[in-house]
Every structure is written in structure tokens, then in C-alpha cells.
Amino acid sequence: MPETPQGKPPIGVFDSGVGGLSILKALRAELPFENFIYVADSGFAPYGERDPCFVLARARAITRHLLKPPDLAIQALVIACNTATAAAIHLLRQDHPQLPIIGVEPALKPAITLSQTGRIGVMATRGTLNSQKFKALQTSLADQAQFICQPCDGLADAIERSDTAQISALCTQYTQAIGRFGTELGEVDTLVLGCTHYPFASQILRSLVGPKVHLVDNGEPVARQTRRMLTRPSMDSEPGQCQLFSTGDPVLLQSAAKRWLGLDVSCRVFVGSTEVDPTTGAIQSNVLLNNLEAG
């Protein structure tokens with residue numbers, strides 16, 4: 001397997017946009033000596049409002065490219081998107097049985113352990129909430145808590161664009177739809193952030209639900225699971241490197257990575273021009289990587 005200049009094969013991470021940076025942040029904290037390649041599929045975002053077949057096609061195209069030598073050749077893949085995990089992880093594991101593939105799902109189980117009132121709000125994309133994977137998870141836990149599920153149309157896109165006014169308006173709308181938050185009987189005392197974009201709105205959400213409500217995301221559990229699944233963990237004492245790619249505007253990803261993760265690195269554009277079918281999301285010929293230096 002070809003390796004990065006530091007001699008360590010990278011871990012691939014992808015999401016529909018910048019939201020998966022919340023997972024990347026947890027991964028880098030848990031695995032500081034590993035190299036990472038992050039792909040924001042912003043040119044085809046948001047996944048949560050796409051057809052599952054489209055999301056599957058994008059996931060397959062990105063995974064194939066990340067496995068392609070000599071430039072990338074990842075040692076493991078983290079699907080840092082709830083919608084893509086639900087639509088694609090079972091088929092990606094069939095496609096690539098030798099590759100450790102880690103997905104994400106709304107953190108309902110951790111939320112149950114935290115809740116005292118038994119009423120748990122779940123904010124997620126419509127695609128995640130409508131998926132069979134999520135419905136099976138919710139059904140399996142139905143006797144342990146009451147879940148109030150709220151589809152959050154437009155919120156991931158607003159976070160993607162750093163539209164603070166729209167983020168605040170949508171968070172207000174959706175938390176009000178969930179109901180009364182608090183620690184008294186009948187109140188929602190735990191809120192699951194069921195999209196990897198949503199932790200970046202946690203400050204606004206905290207102001208809306210109050211200081212005593214638990215906000216639960218899945219970054220740390222995913223990072224720990226990734227560590228467990230690595231077959232070639234780094235033995236190096238040098239900090240790992242991180243490469244950023246985007247199918248959309250690379251400046252947005254670069255700015256978000258600097259703002260949220262403190263990463264001051266250039267972003268490269270992950271280009272699929274005429275070879276991308278705009279209906280299915282499939283890449284019909286070779287994907288090109290063109291270097292775009294930071295401004």
C-alpha cells in the first residue's frame with residue numbers, strides 16, 4: 001500500500017461537506033500520530049435531502065478514489081455522515097471486505113444512559129430519520145426511552161454556508177418543535193445531534209435548551225471505534241498530517257478547518273467535471289486531483 005511522505009498510510013474520512021470535521025476533530029484527538037485525508041463532497045451536498053441511491057453512488061465513487069494508488073491508498077475509512085452511513089456502509093463493506101470501514105449513527109444509546117426524564121430529542125436530517133437503519137435502531141430502544149425525532153431541513157446547508165442568522169432561526173424552529181426542555185418530569189433533558197454538522201451549532205443550541213440539558217454527538221465513540229479497528233496503528237512519535245479535499249469551494253472547507261479545528265493547511269480540489277452524472281452522482285471516468293494552494 002503506498003504511503004504518505006511520513007511513511008504512514010492515511011485514514012480516509014468523508015462527509016457531504018464540512019460537518020464531518022466534527023468527527024475529524026475527535027479522530028485527531030484520539031489518534032494524534034495517524035495521517036488523515038478528509039473529503040468534503042460539498043459539490044453534491046446536502047446528502048440528507050438526496051435520494052439514497054444518489055448518496056450510495058457518491059460514497060462508492062469517493063471510496064474507490066481514496067483506495068486508488070499511488071496518491072492516496074487509505075488504511076481505513078470513516079464515513080463521517082449519518083445519512084451516508086445509513087445508505088451505503090453495508091454495501092461498501094461488501095465492495096471492500098478487507099478495508100476497515102467505520103460509520104456513524106445518531107447517539108441514541110449514549111443518550112439513554114444520560115437521560116433522567118426518559119424523554120430524548122433527536123435532531124437529524126430527513127434522510128437519516130427515514131432510513132431503515134435508524135428506524136431499526138429506534139425500535140430496538142423503544143422500551144428504554146421516548147424519542148422525539150425532528151427532521152431539520154436546511155440546517156446542515158446553513159452550517160455549510162456559515163449563515164449564522166439562518167442557523168439560529170432553524171435551531172429555534174426545530175427545538176421549539178421538539179417541545180419543552182428541562183430536567184423535570186415530562187421534559188426533554190437530552191438532545192441528540194444526529195448530523196455531524198450539528199455540533200458546530202452547539203453554542204446556539206445550548207442557548208436555546210438551557211445549561212442542564214445534555215447535548216450528545218458521536219465524535220468520541222466513532223474515534224474510539226476507529227482505533228479498535230485499525231490493523232496497522234501508527235507506532236510513530238511524530239504528529240500525523242492532515243490533507244483536505246473538496247468537490248465544492250475549497251476555500252469554505254479550508255476556512256472551516258482553520259476556524260473549528262485550528263488546522264492551517266491548504267485545501268485541494270477533488271474534481272469530477274463532466275464525468276459526474278448530475279442525477280446519480282456517479283463518476284463515469286477517472287477523477288482528477290488538482291492542487292489549489294491556500295490563499
Side-chain angles (χ1 to χ4, degrees), residues 4 9-28 31 34-48 50 52 54-68 71-93 95-96 99-105 125 127-128 156-157 159-160 195-197 199-200 218-219 222-223 225-226 229-230 240-250 252-254 256-257 260-261 263 265 267-272 276 280-283 287-289:
T4 62
I11 297 168
V13 184
F14 82 88
D15 180 36
S16 63
V18 302
L21 291 174
S22 65
I23 301 295
L24 180 62
K25 182 177 182 179
L27 287 166
R28 294 180 73 234
L31 299 163
E34 298 292 344
N35 291 322
F36 292 94
I37 292 175
Y38 182 88
V39 177
D41 199 18
S42 301
F44 299 89
Y47 282 175
R50 293 280 198 175
F54 182 96
V55 176
L56 173 60
R58 294 303 303 152
R60 278 178 155 161
I62 292 168
T63 302
R64 283 197 301 268
H65 187 74
L66 289 174
L67 286 167
K68 184 170 61 177
D71 298 316
L72 304 178
I74 56 173
Q75 63 163 314
L77 177 68
V78 178
I79 307 173
C81 174
N82 291 272
T83 301
T85 296
I89 193 169
H90 58 299
L91 293 172
L92 290 180
R93 286 172 172 164
D95 293 346
H96 308 284
L99 179 69
I101 301 178
I102 302 91
V104 300
E105 65 181 16
T125 67
T128 293
D157 183 56
I159 294 170
E160 192 80 15
C195 170
T196 55
H197 282 74
F200 296 122
N218 46 20
V222 168
Q225 177 66 1
T226 302
M229 292 187 68
L230 288 183
Q241 296 179 346
C242 190
Q243 300 177 64
L244 303 176
F245 297 91
S246 176
T247 60
D249 183 353
L252 293 179
L253 175 60
Q254 186 172 303
W260 293 331
L261 275 65
L263 272 176
V265 297
C267 179
R268 284 178 271 181
V269 60
F270 192 101
V271 178
V276 176
T280 66
I283 296 179
V287 177
L288 306 176
L289 286 175

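Computation of the quantities below employed the complete heavy-atom set of this structure, encompassing side-chain atoms and omitting hydrogens, waters and symmetry-equivalent molecules. When a residue number appears, it is its place in the shown sequence, counting from 1.
Side-chain contact between Val13 and Ile37: absent, with no pair of heavy atoms (C-beta onward) separated by less than 4.5 Å. Leu91 places a side-chain heavy atom less than 4.5 Å from the side chain of Arg60. Proximity of Ile79 to Phe14: side-chain heavy atoms (C-beta onward) are separated by under 4.5 Å at one or more points. Taking 4.5 Å as the limit, some side-chain heavy atom of Ile23 sits within range of a side-chain heavy atom of Asn218. Taking 4.5 Å as the limit, every side-chain heavy atom of Asp15 sits out of range of all side-chain heavy atoms of Leu24. Gln254 has its side chain out of reach of Ser246: every pair of non-hydrogen atoms, C-beta onward, lies at least 4.5 Å apart. When side chains are defined from C-beta on, Leu21 counts as touching Leu253, because their heavy atoms get closer than 4.5 Å.
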**Q.** Stepwise side chain to side chain contact (heavy atoms under 4.5 Å, CB included) test for His96 and Leu77
**A.** CA-CA 10 Å; His96 308 284; Leu77 177 68; over 6 Å; no
(Q) Working note: Leu31 + Phe36, criterion side chain to side chain contact (heavy atoms under 4.5 Å, CB included); need CA distance, chi angles, decisive distance, verdict. (A) CA-CA 10 Å; Leu31 299 163; Phe36 292 94; 4.2 Å; yes
Q | Test side chain to side chain contact (heavy atoms under 4.5 Å, CB included) applied to Glu160 and Leu252, step by step | A | CA-CA 8 Å; Glu160 192 80 15; Leu252 293 179; 5.6 Å; no
Q | Worked verdict on Leu27 versus Glu34 for side chain to side chain contact (heavy atoms under 4.5 Å, CB included) | A | CA-CA 9 Å; Leu27 287 166; Glu34 298 292 344; over 6 Å; no
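Among all heavy-atom pairs drawn from Gly103 and Val222, the shortest one is O-CG2, 3.8 Å. Gly20 approaches Thr196 most closely through the heavy-atom pair N-OG1, 3.6 Å. When all heavy atoms are compared, the tightest approach of Leu230 to Ala76 is CD2-CB, 3.9 Å. Taking each heavy atom of His197 and Ala156 in turn, the nearest pair found is CD2-O, 3.4 Å.
Legend: residues meeting salt bridge (charged side-chain N to carboxylate O under 4.0 Å, His left out) with Arg28, ordered by chain and number and at least two apart, are absent. Judged as a side-chain contact (heavy atoms from CB on, under 4.5 Å), and not counting sequence neighbours, the contacts of Ala26 are Ala223. Taking Asp249 as the reference, nothing meets the side-chain hydrogen bond (donor to acceptor under 3.5 Å, both in side chains) condition, with sequence neighbours excluded. Shown here are the side-chain hydrogen bond (donor to acceptor under 3.5 Å, both in side chains) partners of Thr63, two or more places apart in sequence or in another chain: there are none. A search for side-chain hydrogen bond (donor to acceptor under 3.5 Å, both in side chains) contacts involving Asp41 returns Tyr47, Arg58, Thr247, not counting sequence neighbours. Under the rule for a side-chain contact (heavy atoms from CB on, under 4.5 Å), the partners of Ala88 that lie at least two apart in sequence or sit in another chain are Leu56, Ala59, Leu92. For Pro199, the side-chain contact (heavy atoms from CB on, under 4.5 Å) partners two or more places apart in sequence, or in a different chain, are Ser22, Leu193, Asp217. Partners of Phe200 under the ring-ring contact (aromatic ring centres under 6.0 Å, His included) rule, at least two apart in sequence or in another chain, are Trp260. Remark: Ala86 pairs with Ser131, Lys133 by the side-chain contact (heavy atoms from CB on, under 4.5 Å) rule, at least two apart or across chains.
The side chain to side chain donor-acceptor pair (under 3.5 Å) contacts involving residues 79-90 comprise Thr83-Thr125, Thr83-Thr128, where partners must be two or more places apart or lie in separate chains.
Using modelled atom types, no side-chain atom of Arg268 and backbone atom of Gln243 make a donor-acceptor pair closer than 3.5 Å. When atom types are taken as modelled, the side chain of Asn35 and the backbone of Gln241 share a donor-acceptor pair closer than 3.5 angstrom.
How far CG of Asp95 is from CG of Leu67: 10.0 Å, rounded to the nearest 0.5 Å.
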